[in-house]
Amino acid sequence: RDAHALAAVRGRMPPEVQELCADLSGGEGGLAHVLTRAAARFGTRVVAREQQRKCDGIKQQIYSLERELQNIEASIVAHGNSRRAAMQSARGQQLAATSLALLASAPWLVRTAAPWTAAHAEAFLQRATNLAADADDDLFHVGGAPSPVGPALLDAVAARAGH
């Protein structure tokens with residue numbers, strides 16, 4: 001009779017609380033076992049919920065990082081497309097041809113110009129096109145130099161270009 005009453009009351013409770021309902025009318029011997037089992041089930045449920053909460057947090061972090069990675073990838077693709085379009089333009093082709101010719105005649109320039117930005121390289125190109133030097137000038141005889149040009153020569157080039 002008590003079991004039916006307990007079952008009726010238990011049936012009206014949420015599933016989480018139903019497991020905590022124990023029939024205490026069975027005497028001392030069964031009471032400890034029933035309470036231990038109910039506490040163990042409750043503890044298991046709490047641990048499972050905490051693990052699920054942590055898993056959900058990790059899933060959210062993964063999702064957020066995947067979105068960030070997609071945004072970075074899209075940015076890299078857009079940057080590559082922009083650079084490709086610039087190199088395929090007439091100006092880009094001209095700069096590429098000039099750069100290759102300059103590197104072939106002045107290998108030291110690779111080490112000198114490597115840290116330059118595009119704006120710096122453009123400014124150098126503008127200065128170099130304004131350079132007026134005689135054919136026998138020392139400026140034209142540095143192509144085989146094994147090391148980068150020193151500041152004195154660069155200053156001389158800039159002075160001759162009017163800068």
Interatomic distance, OG@S89 vs CG@L95, rounded to 0.5 Å, equals 8.0 Å

Should E73 and L69 count as side-chain neighbours, where that means a heavy-atom distance under 4.5 Å?
no

Those residues at least two apart in sequence (or on a different chain) that pass side chain to side chain donor-acceptor pair (under 3.5 Å) with Q60 are none

Sorted by chain and number, sequence neighbours left out, side-chain contact (heavy atoms from CB on, under 4.5 Å) with I76 holds for I72

Sorted by chain and number, sequence neighbours left out, side-chain contact (heavy atoms from CB on, under 4.5 Å) with N71 holds for none

Between T98 and Q94, is there a donor-acceptor pair closer than 3.5 Å when you use the side chain of the first and the backbone of the second?
yes

Taken in chain and number order and not counting sequence neighbours, the residues that satisfy side-chain contact (heavy atoms from CB on, under 4.5 Å) with T117 are A119, H120

Taken in chain and number order and not counting sequence neighbours, the residues that satisfy salt bridge (Lys or Arg N to Asp or Glu O under 4.0 Å) with E68 are none

Rounding to 0.5 Å, atoms CD (Q61) and OG (S64) come to a distance of 8.0 Å

Sorted by chain and number, sequence neighbours left out, side chain to side chain donor-acceptor pair (under 3.5 Å) with E122 holds for R91, Q126

Rounded to the nearest 0.5 Å, the CG atom of N81 sits from the NE2 atom of H79 at a distance of 10.5 Å

Applying salt bridge (Lys or Arg N to Asp or Glu O under 4.0 Å) to R83 and not counting sequence neighbours gives none

Those residues at least two apart in sequence (or on a different chain) that pass side-chain contact (heavy atoms from CB on, under 4.5 Å) with M87 are A96

Sorted by chain and number, sequence neighbours left out, salt bridge (Lys or Arg N to Asp or Glu O under 4.0 Å) with R53 holds for E50

